[in-house]
Amino acid sequence: MTLRPEKLRCEYLKNPLGIDVDNPRLSWLLEGDGRNRQQSAFRIVVARRLEALRSPDRYLWDSGQVKSDRSLDIRYQGPPLENFERVWWSVCSWDESGNEAWSRPAFWEAGIRDRQDWVSDWITGPVASSGGVPAPGREHSSEDIGWLRTAIGSGPVQYLRKQFRIDRPVRRARAYATARGLYQLLLNGESVDNRSFAPGWTDYHQRIEYQAYDIGDQLREGANVLNVLLAEGWYAGYVGFTPRSRGAHYGNRPYFLALIVLEFDDGETAMIASDSSWTATLGPIVYSDLLMGEHYDARREIPLWHTEDYDDANDYPVHTHGDRGATLVSERAEAIRVVDELRPKSLAKRSAGSYVFDFGQNIVGRVRLQLEGAAGQSLTIRHGEALHEDGSLYIENLRSAKAEDVYVFKGDGVETYEPTFTYHGFRYVELSGLDSTPDLSTLTARVLSSATSRTGEFHCSSPLVNQLYSNILWSQRGNFISIPTDCPQRDERLGWLGDAQIFAATAMFNHDVAAFFTKWMYDVEDAQLPDGAFTDIAPLILFDNGGSPGWAEAGIIIPWTMYLYYGDHAVIERHWDAMTAWMDYVARHDPDFIRGHGLNLNFGDWLSIEADTPKSLIATAYYAYSAQLLSRMARAIGRSSEEKQYAKLNSNISEAFVAAYVTNDGTVAGKTQTGYLLALAFDLLPESLRSKAAAHLVADIEAHDGRLSTGFLGTKLLAPILSQYGYSNVAFQLLLSEKFPSWGYCIKHGATTIWERWDSWTPDDGFQVTMNSFNHYSLGSIGEWLYGYLGGIRPDIDNPGFKHIIIAPQIEGGIDSCDTAFRSRYGGIRVAWENSGEGITLTAIIPPNSSATVELPLLPGDAITESGQPVNTTTGGIQRVERSNSRIDIGLGSGNYLFRISKAGPASR
Ligand code: BGC
């Protein structure tokens, strides 16, 4: 019966190994049955050893009993931790009746706090001079040239090695490692962590994340061997699309950095650093590039490399580099991992030795191959998202990304190969160079993503909408790879701010992306220009300009969305100066509130269809919205003068907006759906014009024969605004439509992910020519409405983080039932409804320590019960009931509820 604190988290992470902030934030959630469950007090204790958690005199920090229902983001206030130090913590929570319960212990560990403490050098294979590589005791060979350049124009993957001995028992062993490039670290032949693409993408000039690994289980007494595979990755490989992006955005060769810290049973410590004692060689991965693909020649595998029996006489000395330019910070978010595996659904022969496999799902990752071949036989693996009518791969949309892997057999029975440092976006794979007939077991697709945990579930009675939901999830998975990318396949894969801001709320429903966006907001701030402009992409490469309206504002909208969905105040504090610098940038350009300057690439309502929303209108609307959000965020963190200042700015911009763009019958300039949506969603109109503008919006949809005309920016607002203004029926109509353009149209034509454009493929024109991704999450921003309006789970601005939940499902014709769940930071929320036409049943689950308001349609004469009882405040858990002519609002404490509405009149809903 007591409430148990569970799922202890430190800075959003479970038992993290490399925390480098002084006062990390500690959180938990509460589990327990019954209604109206609340925490009334908590106490956090922290100790240096697990056993010491039981001895108050040995606490490092004791919050004491704090009378509070807070369970999120309590800052540790004890003494700062030393490098590598681990502390254990536990929390005691008192429930509403004063019963106490202790959590199981959790821990966090400090990483390497200070740059000086990295007693390591950046290392890389020998630096090539034009005539080849000088290698002691060795003639120049053709292999030396391999250090210079490979067939795709980049450097080879480097194989670094270090051997060391351990002569006494080790109590604790950690490896801290990073690269300017990509690395994979192995100890005694095993990867230290099955992750991909460490250390992830940041602006390597400014900030590089390092990873912390527990390597205790892999160490042995006696000889140990560290092996590192080092590739160019985002640091020196191909990224993006301009000629400047032909390699080397940050540097022209990769470097590796590591520090291994061993703590022996006797209390002594030892360190092994990356330094000149390591050696380098070349191996089977001839090259590997994120966009181009990987070439693996199994004949070049290095026998015994992982063992002490390896003879390193022919290895090269590494080149060291003392540069400490960028800040080293511990990793802040989940690693990229293989999160799923798929078998091909079918395969078709194309020509002699060439086959196309169909995985039935557009995915992001790579394939694992299992096949026999003769030594020297070479296979080519190509990837595509679609097929031409003749069954050949459609790869035109990859532009200059080759997305081609090559495998050369060593001729040793069944060989297994999966690339290491590349990934592709594909549904189809073409395998050529075969001399035997493959089958469906020849290939396995390995799905990659930043391994954020799933938090949302959604299922309704419409197969079309369920497919749409699945497409949204797959597009998120495939594009949340270290940063939120626009697309995973062509020569782009950039962190476009516009795409991210429109999709952020959907992303937060689908997965726990708190740590992911925490990390990316550093990238956004690192990208900010000296004049205060947020940019179009982060990390910033390719462009020198500031960001466009609707893109740059991600710098403000994402912290706001994190505050709303996670109750995160720190993200606001952390980026406050960056956000206000952006506002100053805008004000400097346009002191009269209407934005017309400093609009940079100015994309407008990108990829809208048959509509042209005035660009300065869009820019001004986003300016007003930013001021509104800053005012709200100022309030959240107690900056009352800025709260007023930005509220005033917001009302000035709104007035200027109305004067410039709105007539007194509520017509918004341009008369586009997006124009109306911006005006309504960003609260720019006086009360008297709002319903008029909403009516114009609906009229425009009707004038388009019941179709949308919105691009990236408008689509995000479309369904929520229709619902907010009482037009959920129109939202349903758009949702369930299969006419062009619509989500249903894409699905009818085989979409298994969200298309970049409504017209990515049309019967008349076939594939779009120049810019055409089939895996772009942007138009999937409707996910927020699926959870929030169709499903009915919404956050509350006044009680963020789902401390209070708004449960207001839109129950309309066309969909008979819907079951939606969301695992919030307070615990699992679920809303399931069914509409029989005669009545409605609704199940609601509200986690402990939060509360909800259920808003249901209720006409005069309709009857409502909860678990068979009349709905009133004498029923346990029901705190408030307000009934109006058309609906009922019911305030609930935590617990499980079952409402039934029996309709009095003829079916009208
Ligand atoms: C990207 C986008 C991005 C846009 C900017 C495209 O190339 O794929 O999704 O937001 O450019 O207009």
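For Ser90 against Leu53, the heavy-atom pair with the smallest separation is CB-CD1, 4.1 Å. Across all their heavy atoms, Glu11 and Asn23 have their closest contact at OE2-O, 4.4 Å. Taking all atoms of both residues into account, the shortest heavy-atom contact from Ala504 to Ile558 is CB-CD1, 4.2 Å. The two residues Ile807 and Pro809 come nearest to each other via the heavy atoms C-CD, 3.6 Å. Looking at every heavy atom in both residues, His511 comes nearest to Tyr566 through O-OH, 3.5 Å. The minimum heavy-atom distance linking Ala904 with Asp862 is given by the pair N-OD1, 2.9 Å.
Looking at heavy atoms from C-beta onward, Leu473 lies out of side-chain contact with Ser470 at the 4.5 angstrom threshold. Using a 4.5 Å heavy-atom cutoff, the side chains of Ser450 and Arg477 are not in contact. Residues Leu678 and Leu680 are not in side-chain contact: their nearest non-hydrogen atoms beyond the backbone lie 4.5 Å or more apart. With contacts defined as side-chain heavy-atom distances shorter than 4.5 Å, the pair Asn650/Ser654 qualifies. By the 4.5 Å heavy-atom criterion applied to side chains, Ile878 and Ile890 are counted as neighbours. Considering only heavy atoms from C-beta on, Val831 comes within 4.5 Å of Leu842 through its side chain. By the 4.5 Å heavy-atom criterion applied to side chains, Gln879 and Thr873 are not counted as neighbours. At least one side-chain heavy atom of Glu96 sits under 4.5 Å from a side-chain heavy atom of Arg37.
Legend: residues meeting ring-ring contact (aromatic ring centres under 6.0 Å, His included) with Phe516, ordered by chain and number and at least two apart, are Phe480.
Tested against Tyr565, the residues Phe822, Tyr826, Phe802, Trp560 include a single ring pair (Phe, Tyr, Trp, His ring centres under 6.0 Å) partner, Phe802. Between Arg830 and the choices Thr843, Asp819, Thr820, Asn896, the side chain to side chain donor-acceptor pair (under 3.5 Å) rule is met once, by Asp819.
For Tyr787 and Tyr469, the gap between ring centers is short of 6.0 Å. Taking the ring centroids of Phe899 and Trp833, they lie at or beyond the 6.0 Å cut-off. Under the 6.0 Å cut-off for aromatic ring centres, Trp28 and Phe42 qualify, their centroids lying closer than that. Between Phe732 and Trp785, the ring centre distance stays below 6.0 Å.
With a 6.0 Å cutoff to the six-membered ring centre and a 45° limit on the axis angle, Arg25 counts as a cation-pi contact of Tyr12. For the pair Arg35 and Tyr897, the cation sits on the ring face: its NZ or CZ lies under 6.0 Å from the ring centre, inside 45° of the axis.
Heavy-atom contacts from other residues, nucleotides or ligands closer than 6.0 Å to CZ of Arg43 number more than 12. In Asp683, the CG atom is crowded: over 12 heavy atoms of neighbouring residues, nucleotides or ligands sit closer than 6.0 Å. Around atom CG of Asn872, more than 12 heavy atoms belonging to other residues, nucleotides or ligands sit under 6.0 Å away. More than 12 heavy atoms of other residues, nucleotides or ligands lie within 6.0 Å of CZ in Arg75, so this atom counts as buried by the packing criterion. More than 12 heavy atoms of other shown residues, nucleotides or ligands fall within 6.0 angstrom of atom CD in Glu6.
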Task: Full working for side-chain contact (heavy atoms from CB on, under 4.5 Å) between Val854 and Ile888 - done: CA-CA 8 Å; Val854 173; Ile888 185 166; over 6 Å; no
Task: Gln733 vs Asn729, side-chain hydrogen bond (donor to acceptor under 3.5 Å, both in side chains): CA-CA, chis, key distance, verdict - done: CA-CA 6 Å; Gln733 179 192 324; Asn729 57 332; over 6 Å; no
- [ ] Please report the C-alpha distance between Arg880 and Asp889 in whole Å, then the side-chain angles of each, then the deciding distance to 0.1 Å, and finally whether the salt bridge (charged side-chain N to carboxylate O under 4.0 Å, His left out) criterion is met.
- [x] CA-CA 8 Å; Arg880 184 171 54 86; Asp889 289 3; 5.2 Å; no
- [ ] Under the ring pair (Phe, Tyr, Trp, His ring centres under 6.0 Å) rule, what do Trp89 and Tyr76 come out as? Steps first, then yes or no, please.
- [x] CA-CA 10 Å; Trp89 66 289; Tyr76 163 73; 9.8 Å; no
- [ ] Could you please spell out the steps behind the side-chain hydrogen bond (donor to acceptor under 3.5 Å, both in side chains) verdict for Asp700 and Gln673?
- [x] CA-CA 7 Å; Asp700 188 77; Gln673 294 171 22; 3.0 Å; yes
Open item on the list: Could you walk me through whether Leu856 and Ile901 satisfy the side-chain contact (heavy atoms from CB on, under 4.5 Å) test, starting with their C-alpha distance in whole Å, then the side-chain angles of each, then the deciding distance to 0.1 Å, before giving a yes or no?
Closed with: CA-CA 9 Å; Leu856 289 172; Ile901 295 180; 4.0 Å; yes
Open item on the list: Determine whether Tyr563 and Trp576 satisfy the following criterion, ring pair (Phe, Tyr, Trp, His ring centres under 6.0 Å), listing intermediate values before the conclusion.
Closed with: CA-CA 13 Å; Tyr563 170 72; Trp576 181 260; over 10 Å; no
Task: Derivation of the side-chain contact (heavy atoms from CB on, under 4.5 Å) call for Val46 and Ile44 - done: CA-CA 7 Å; Val46 181; Ile44 300 171; 4.2 Å; yes
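Checked for salt-bridge contact, Arg825 and Asp512 miss the test: no charged N lies under 4.0 Å from a carboxylate O. Ion pair Lys803/Asp796 not flagged as a salt bridge, since none of the NZ, NE, NH1 or NH2 atoms sits closer than 4.0 Å to an Asp/Glu carboxylate oxygen. Salt bridge status for Glu784 with Lys716: present, with a side-chain N to carboxylate O gap under 4.0 Å.
Using modelled atom types, one finds no donor on one side chain facing an acceptor on the other under 3.5 Å when comparing Thr506 with Ser781. Between the side chains of Gln476 and Asn510, at least one donor N or O sits under 3.5 Å from an acceptor N or O.
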